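This one's a predicted model, so the numbers in the text were calculated from it and none came from an experiment. These values consider heavy atoms only, across backbone and side chains, with no hydrogens, waters or symmetry-generated copies.
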Amino acid sequence: MRQPPRNKKETPRYNINGQIRAREVRVVGDDIVPTILPIREALNLAHEKELDLVEISPNAEPPVCRICDYSKFLYQQKKRQKEIKAKQAKIEVKEIRFGPQTDDHDYNFKLKHAKGFLEDGDKVKAYVFFRGRSILFKEQGEVLLLRFASDLEDYGKVEQMPKLEGKRMTMFIGPKKISGGKKDAMQRGQSNDSQPRVEKKQPQQRAPKEYTGPKVEGEDF
């Protein structure tokens, strides 16, 4: 029977074959009916199938061991972990740079981009860069960043207040999680807006045959 691969970069996470110390184990595997066997019988069964006995649940009573190809088992575990990581949302940090005397046009342009970043689930790193003697206007830079945070309060929350480091005053804003999401809210709003249109439908006109009397000009039937 094989032994776990010796790799200094990766320590085996599972006991296999002779490393298993339990007296009896629950054996599972492909084409194997789950059953409890003494460890020696479980090892013999794995040997007969030219496979390994892998302890996959050591804390169970008794421990659960799988009869399989250990190398293939490790490969499948790594593949599964990669798939899980791929499904997880990756949060990126987007940078927004200001000067201490940024004009309103440039400010609104960057504010629009920051809203888009936060809606996409990314963090925003907003900072004011002080060039040369502009460091004298650090209070003005702090006011700008606080205004920026206030204008984004519906889209994100401040994770770090403005902090001066060297020639940069930096602030971090994380995305705000809203139940239902923006799209759902918009759809609900559209649904509510559509209701009055239904109520405005014209009532059906009565058929002429329902009136049996003489027709009077100007009377509405």
Side-chain angles (χ1 to χ4, degrees), residues 7-14 56-59 74-201:
N7 190 338
K8 295 181 179 179
K9 295 183 179 180
E10 181 180 357
T11 303
R13 295 173 298 163
Y14 303 94
I56 59 175
S57 185
N59 296 325
L74 288 180
Y75 171 78
Q76 291 175 341
Q77 293 295 312
K78 291 180 180 179
K79 183 179 179 181
R80 189 175 303 171
Q81 290 177 356
K82 288 182 179 180
E83 291 175 351
I84 293 175
K85 290 182 179 180
K87 292 180 180 179
Q88 293 177 344
K90 294 183 179 179
I91 299 178
E92 298 182 3
V93 178
K94 304 291 186 178
E95 291 190 354
I96 301 289
R97 172 175 171 169
F98 293 100
Q101 297 178 341
T102 300
D103 58 40
D104 289 341
H105 180 271
D106 190 26
Y107 175 87
N108 291 328
F109 177 78
K110 293 178 178 179
L111 178 65
K112 180 180 178 180
H113 279 281
K115 290 179 180 179
F117 295 148
L118 293 171
E119 286 180 338
D120 292 339
D122 296 324
K123 290 186 178 182
V124 172
K125 176 184 178 182
Y127 67 92
V128 179
F129 182 76
F130 300 97
R131 189 186 303 274
R133 294 177 62 85
S134 65
I135 191 67
L136 299 174
F137 302 97
K138 60 182 180 179
E139 292 81 5
Q140 189 172 341
E142 183 177 7
V143 170
L144 187 149
L145 289 178
L146 292 176
R147 172 191 172 191
F148 195 61
S150 177
D151 291 340
L152 292 172
E153 62 181 358
D154 292 336
Y155 301 85
K157 56 184 178 180
V158 177
E159 295 184 350
Q160 177 186 298
M161 295 297 289
K163 181 179 180 181
L164 183 63
E165 296 178 346
K167 295 183 179 181
R168 288 188 180 187
M169 181 174 288
T170 306
M171 177 181 67
F172 284 90
I173 302 176
K176 180 180 291 186
K177 296 181 180 179
I178 302 176
S179 178
K182 181 180 178 183
K183 292 184 178 179
D184 292 344
M186 292 177 63
Q187 291 176 354
R188 288 195 298 269
Q190 292 174 356
S191 176
N192 293 335
D193 292 341
S194 64
Q195 291 179 2
R197 299 192 188 99
V198 176
E199 295 174 358
K200 290 181 180 180
K201 287 184 178 180

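The two atoms that bring V124 and A114 nearest to each other are CG2-O, 4.0 Å, heavy atoms only. Of all non-hydrogen atoms in G121 and P175, the two that sit nearest each other are O-CG, 3.6 Å. The minimum heavy-atom distance linking R168 with F129 is given by the pair CG-CD1, 3.9 Å. V128 and G141 make their closest contact through CG2-O, 3.8 Å (heavy atoms, listed as atom of the first residue, atom of the second, distance).
Within the 4.5 Å cutoff, no side-chain heavy atoms of L118 are placed close to those of K94. With a 4.5 Å cut-off on side-chain heavy atoms, Y14 and L74 count as touching. You'll find the side chain of L164 reaches within 4.5 Å of the side chain of M169, heavy atoms only. By the 4.5 Å heavy-atom criterion applied to side chains, K176 and Y155 are not counted as neighbours. The side-chain heavy atoms of Q77 and R13, taken from C-beta on, include a pair separated by under 4.5 Å.
Rounding to the nearest 0.5 Å gives a distance of 13.5 Å between CD1 of I173 and NZ of K125. Of the inter-residue distances, the one linking L152 atom CG with R147 atom CZ reads 11.0 Å to the nearest 0.5 angstrom. One distance of note links OH of Y127 with CZ of F98; it measures 10.5 Å at 0.5 Å rounding. Atoms OG1 and CD, from T102 and Q140 in turn, are 9.0 Å apart once rounded to the nearest 0.5 Å. Rounded to the nearest 0.5 Å, atoms CD1 (I96) and OH (Y107) are 11.0 Å apart. Rounded to the nearest 0.5 angstrom, D151 CG and E153 CD are separated by 8.0 Å.
Under a cut-off of 6.0 angstrom, the local environment of NZ in K115 is crowded, with over 12 non-hydrogen atoms contributed by other residues, nucleotides or ligands.
Between F109 and H113, the distance separating the two ring centers is shorter than 6.0 angstrom.
Between K157 and E159 no salt bridge is recorded (no basic side-chain N to carboxylate O distance below 4.0 Å). Under a 4.0 Å N-O distance rule, the pair R97/E95 does not qualify as a salt bridge.
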Please evaluate residues K123 and F172 with respect to the criterion side chain to side chain contact (heavy atoms under 4.5 Å, CB included), reporting the C-alpha separation (whole Å), side-chain torsions for both, the decisive distance (0.1 Å), and the verdict.
CA-CA 7 Å; K123 290 186 178 182; F172 284 90; 5.5 Å; no
